[in-house]
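First the structure, in the form of structure tokens, and then the observations on it.
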2 protein chains.
Amino acid sequence: MPTNWLDVEQQRAWRAYIVGTTLLLERLDRDLRESHGLSLPEYEILVRLSEAPERRLRMAEIADSVKNSRSRITHTVARMERAGLVDRVQCTSDGRGVYAHLTDTGHQRLVDAAPCHVASVRAALIDVVAKDELAALTRVFTAVADGLSPGTRDPILTAVSS
Amino acid sequence: MPTNWLDVEQQRAWRAYIVGTTLLLERLDRDLRESHGLSLPEYEILVRLSEAPERRLRMAEIADSVKNSRSRITHTVARMERAGLVDRVQCTSDGRGVYAHLTDTGHQRLVDAAPCHVASVRAALIDVVAKDELAALTRVFTAVADGLSPGTRDPILTAVSS
DNA sequence: TGAACTTAGTTGAAGCCTAAACTATTCCGG
DNA sequence: CCGGAATAGTTTAGGCTTCAACTAAGTTCA
């Protein structure tokens, strides 16, 4: 079967996307690190934990929600525990299970970092695109995620309420 | 100044984007590795070199075009050289300069990998998105890249010809 | 009950990336 | 021409990620 190459428009879209994403993720990570000593992956975990009932989640739930491997979550949570951002709590109902639980310190760290992070996201992405382009972005990446990981959508991506 | 938080639509867009991007980049990288033993960053470098005059670029040109640090390019090109994909050639006009030059092996490797990679990009992104959404994607990330790295746009992103 | 299988999570080694310091060369002003 | 500043690229160490192998606990089914 001959390759169905990308046409010029598609190639432009693809390259713009990788280049923009490389710059964007690097910037957000750097801003968080410099101002609050958090990496972007750590920040994302803090957010998920802060939104969870009792501020805790099973390791696998974290892994699923941020789309990282379990191994990676183990390592990252271990670092966060060393930094006092989370506790690890044995799950009583499942002897294999472990909860990562947001500490007060961790919560405060998130509260401190959030305004700065939101400002970065706005400055670099949200505020430089039109409303309808943002809507297109949502559709595009919802479709992408659904194609690559069907049936595991973030609740916020389907419900309108926070 | 009170934080200008993201509204629900903006939050949906942002989360869809990170989650989708995490899955997408991971998938493309994995596909390339498994089928052709290349990482996505390596593949991108091969593409840039293959398009360059005489199939060679200065280290800094590579770094700029893929938006990676020079240090990272040094490391990545060193690995690629070990793998026989590129040569390193001392620049005659500037004693400090080094060219990375695509070898025949490297070019063949790219030719072999390209159809597979394009198929992955199509399956995961291009073919799951409408034409106008793709155009929006281009606009969004061109704006993002321009905001974060003004004045260093990829030629393909401004010219219509390949 | 118990053997096989699955799931949750961890571990350790190897590879990749970052940051900062470093070498070598070129550029610029006097 | 010289000295200082800037540029090109490399190096090294340390941190992060991946991979494969591993432990431990739960599940299934005869």
Side-chain angles (χ1 to χ4, degrees), chain A residues 18 21-35 37-45 56-83 85-101 152, chain B residues 18 21-23 25-34 37-45 56-83 85-101 152:
Chain A
I18 326 187
T21 291
T22 302
L23 289 167
L24 178 55
L25 296 182
E26 205 259 339
R27 161 58 59 94
L28 296 177
D29 191 71
R30 181 177 307 279
D31 285 352
L32 273 173
R33 274 181 206 284
E34 291 180 354
S35 57
L38 291 170
S39 69
L40 183 55
E42 284 167 352
Y43 181 90
E44 285 182 62
I45 291 173
R56 63 181 199 180
L57 288 172
R58 291 281 294 270
M59 299 299 274
E61 291 178 309
I62 300 175
D64 290 347
S65 79
V66 298
K67 268 50 178 160
N68 285 346
S69 70
R70 294 184 180 192
S71 172
R72 183 169 170 179
I73 294 301
T74 294
H75 288 300
T76 305
V77 167
R79 288 191 295 273
M80 294 172 76
E81 185 182 27
R82 261 177 257 132
L85 305 176
V86 301
D87 289 329
R88 292 160 45 78
V89 180
Q90 194 63 39
C91 176
T92 52
S93 63
D94 183 338
R96 301 164 298 181
V98 173
Y99 285 105
H101 169 256
T152 53
Chain B
I18 326 186
T21 291
T22 302
L23 288 167
L25 296 182
E26 205 259 339
R27 160 58 59 94
L28 296 176
D29 191 71
R30 181 176 305 278
D31 284 352
L32 273 172
R33 274 180 208 284
E34 289 180 355
L38 292 170
S39 69
L40 183 55
E42 285 168 352
Y43 180 91
E44 285 182 61
I45 292 173
R56 61 179 200 180
L57 288 172
R58 293 282 293 270
M59 299 299 274
E61 292 179 308
I62 300 176
D64 290 347
S65 78
V66 299
K67 273 36 177 165
N68 285 347
S69 70
R70 294 185 181 190
S71 172
R72 183 170 170 178
I73 293 302
T74 295
H75 288 300
T76 305
V77 167
R79 287 192 296 273
M80 293 171 76
E81 185 182 28
R82 261 177 258 133
L85 304 176
V86 301
D87 289 331
R88 291 157 47 77
V89 181
Q90 193 62 40
C91 175
T92 51
S93 63
D94 184 338
R96 302 163 299 181
V98 174
Y99 284 105
H101 168 255
T152 52

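You'll find a donor-acceptor pair under 3.5 Å spanning the side chain of A:His75 and the base of C:dG12, going by distance alone.
Taking the side-chain contact (heavy atoms from CB on, under 4.5 Å) definition, one finds that A:Arg72 meets it with A:Pro41, A:Asn68, A:Ser69, A:Thr76, sequence neighbours left out. A:Tyr43 meets the ring-ring contact (aromatic ring centres under 6.0 Å, His included) test with A:His117; sequence neighbours excluded. Scored by the side chain to side chain donor-acceptor pair (under 3.5 Å) test, A:Thr21 finds B:Tyr17 as partners (sequence neighbours excluded). Taking A:Asp94 as the reference, A:Arg96 meet the side chain to side chain donor-acceptor pair (under 3.5 Å) condition, with sequence neighbours excluded.
When heavy atoms are screened at a 4.0 angstrom cut-off, A:Arg58 is found touching the sugar-phosphate backbone but no base atom. Here B:Ser39 lies out of heavy-atom contact (under 4.0 Å) with every strand.
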Interface polar pairs with nucleotides 23-25 of chain C, N/O, under 3.5 angstrom:
{"residue": "C:dT25", "atom": "O3'", "partner": "B:Gly95", "partner atom": "N", "Å": "3.4"}
{"residue": "C:dT25", "atom": "O2", "partner": "B:Arg96", "partner atom": "NH1", "Å": "3.3"}

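Projected onto DNA chain D by closest heavy-atom contact, A:Ser93 and A:Arg72 fall at different nucleotides, the more 5' of which corresponds to A:Arg72. If you find the closest nucleotide of DNA chain D to A:Arg33 and to B:Arg88, the one lying nearer the 5' end belongs to B:Arg88. Each of A:Met59 and B:Glu42 was assigned the nucleotide of DNA chain C with the nearest heavy atom; the assignment lying further toward the 5' end belongs to A:Met59.
Judged by distance alone, with hydrogens and angles left aside, the side-chain atoms of A:Glu44 form no donor-acceptor pair with the main-chain N or O of A:Val66 at under 3.5 Å.
Put simply, chain A comes within 4.0 Å of DNA chain D, heavy atom to any atom, from D:dC16 to D:dG26, going 5' to 3'.
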